[in-house]
Amino acid sequence: MFHFSTSSSISVLNSVVFITCLDSSTQNTMDSQSQNTSLQRLQNVEKRIVRVLELAGGVMDEMANPSGPRKELINNHCSEFMQLIKDIQVTLREEIKSACEYRPFENCDYVPRISNEICCKKLEYVISQFDDMKRTIEGYHAAALDHMALD
């Protein structure tokens with residue numbers, strides 16, 4: 001039969017908690033690094049958006065120029081504007097895709113570990129109940145034998 005002592009169960013539980021903490025601290029470090037690079041990419045997008053607005057404002061200023069717009073300047077601003085818009089779209093798509101794939105608890109085995117620990121506790125309880133039943137049955141047999149010996 002299986003027998004689990006309380007001290008070994010506590011030891012196992014402490015080990016599980018310790019390993020889980022190690023796993024999560026390593027995962028947190030990795031997540032933190034990916035978040036930093038993600039934040040840096042988003043900050044670059046923000047800078048590009050500001051540049052896009054500056055370019056749009058420059059084109060508007062050039063169009064309002066009393067001497068007339070300079071075609072070359074407008075073409076340069078529009079080309080840079082379109083390239084920045086494409087870059088922003090690509091980066092945002094990648095970040096959205098990355099955010100959708102982000103599952104910090106995907107590889108966590110805390111729930112199965114705790115479920116196993118609970119199952120062990122349930123088995124301990126069932127075993128103790130069987131032991132009690134066995135002692136009760138043995139007590140009845142002993143009493144029956146005593147009663148038969150007296151008769």
Side-chain angles (χ1 to χ4, degrees), residues 1-140:
M1 280 203 181
F2 296 108
H3 181 68
F4 299 99
S5 70
T6 306
S7 62
S8 67
S9 297
I10 291 171
S11 174
V12 167
L13 185 57
N14 287 339
S15 298
V16 167
V17 170
F18 178 72
I19 290 169
T20 302
C21 290
L22 283 179
D23 289 346
S24 65
S25 68
T26 304
Q27 185 68 32
N28 287 342
T29 303
M30 291 171 57
D31 292 343
S32 175
Q33 290 171 350
S34 67
Q35 286 174 348
N36 285 339
T37 57
S38 179
L39 286 176
Q40 289 167 351
R41 286 189 296 267
L42 290 174
Q43 285 174 339
N44 287 334
V45 165
E46 184 179 358
K47 290 175 186 174
R48 288 181 194 150
I49 291 171
V50 169
R51 179 65 184 146
V52 161
L53 293 174
E54 289 172 350
L55 289 169
V59 169
M60 296 299 287
D61 285 343
E62 193 60 33
M63 297 297 276
N65 191 351
S67 62
R70 293 174 284 185
K71 185 177 179 183
E72 192 174 305
L73 182 69
I74 290 178
N75 282 341
N76 289 342
H77 279 5
C78 287
S79 295
E80 187 178 350
F81 177 91
M82 292 307 293
Q83 185 58 50
L84 285 171
I85 291 294
K86 288 178 185 176
D87 292 346
I88 290 168
Q89 285 178 331
V90 167
T91 305
L92 288 178
R93 279 190 191 120
E94 289 172 0
E95 288 305 310
I96 290 169
K97 182 180 175 186
S98 174
C100 291
E101 292 172 353
Y102 177 70
R103 294 184 182 104
F105 301 109
E106 184 173 38
N107 295 324
C108 179
D109 61 348
Y110 176 76
V111 172
R113 287 186 200 184
I114 294 303
S115 294
N116 286 339
E117 185 67 25
I118 290 170
C119 286
C120 288
K121 293 293 182 187
K122 288 179 179 179
L123 282 173
E124 287 176 13
Y125 178 75
V126 169
I127 289 169
S128 71
Q129 293 299 310
F130 281 144
D131 288 343
D132 289 347
M133 288 170 52
K134 183 179 176 183
R135 281 191 292 274
T136 302
I137 291 169
E138 288 172 352
Y140 282 129

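- In this structure, Glu62 and Gly68 approach most closely via the heavy-atom pair OE2-O, 3.9 Å.
- Once rounded to the nearest 0.5 Å, the distance linking SG of Cys78 with CD of Gln83 reads 13.5 Å.
- Residue pairs meeting the salt bridge (Lys or Arg N to Asp or Glu O under 4.0 Å) criterion with at least one member in residues 78-91, sequence neighbours excluded, are Arg51-Glu80.
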ask   = Which is it for Glu95 and Arg41 under the side chain to side chain contact (heavy atoms under 4.5 Å, CB included) test, yes or no, and what are the steps along the way?
value = CA-CA 8 Å; Glu95 288 305 310; Arg41 286 189 296 267; 2.4 Å; yes

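- Residues Asn44 and Thr91 have side chains not in contact (no heavy-atom distance under 4.5 Å, counting atoms from C-beta outward).
- Counted within 6.0 Å of CD on Glu138, heavy atoms from surrounding residues, nucleotides or ligands total more than 12; the atom is thus considered enclosed.
- In this structure, SG in Cys120 is found 11.5 Å from NZ in Lys122, a value given to the nearest 0.5 Å.
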Legend entry - Candidate pair Lys134 and Asp131, rule salt bridge (charged side-chain N to carboxylate O under 4.0 Å, His left out), full reasoning: CA-CA 5 Å; Lys134 183 179 176 183; Asp131 288 343; over 6 Å; no

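- To the nearest 0.5 angstrom, Leu42 atom CG is 9.0 Å from Glu46 atom CD.
- Contact detail for Leu55 and Phe81: the closest heavy-atom pair is CD1-N, 3.5 Å.
- From Ile137, atom CD1 reaches atom CG of Asp132 across 11.0 Å, with rounding to the nearest 0.5 Å.
- Judged by distance alone, with hydrogens and angles left aside, the side-chain atoms of Ser79 form a donor-acceptor pair with the main-chain N or O of Asn75 at under 3.5 Å.
- For the pair Thr37/Gln40, a side-chain contact is recorded, criterion being any heavy-atom separation below 4.5 Å from C-beta on.
- The CE atom of Met60 lies 12.5 Å from the NE2 atom of His77; values are rounded to the nearest 0.5 Å.
- Residues Leu73 and Val59 have side chains not in contact (no heavy-atom distance under 4.5 Å, counting atoms from C-beta outward).
- Counted within 6.0 Å of CD on Glu54, heavy atoms from surrounding residues, nucleotides or ligands total more than 12; the atom is thus considered enclosed.
- With sequence neighbours left out, the side chain to side chain donor-acceptor pair (under 3.5 Å) criterion links Ser67 to Asn65.
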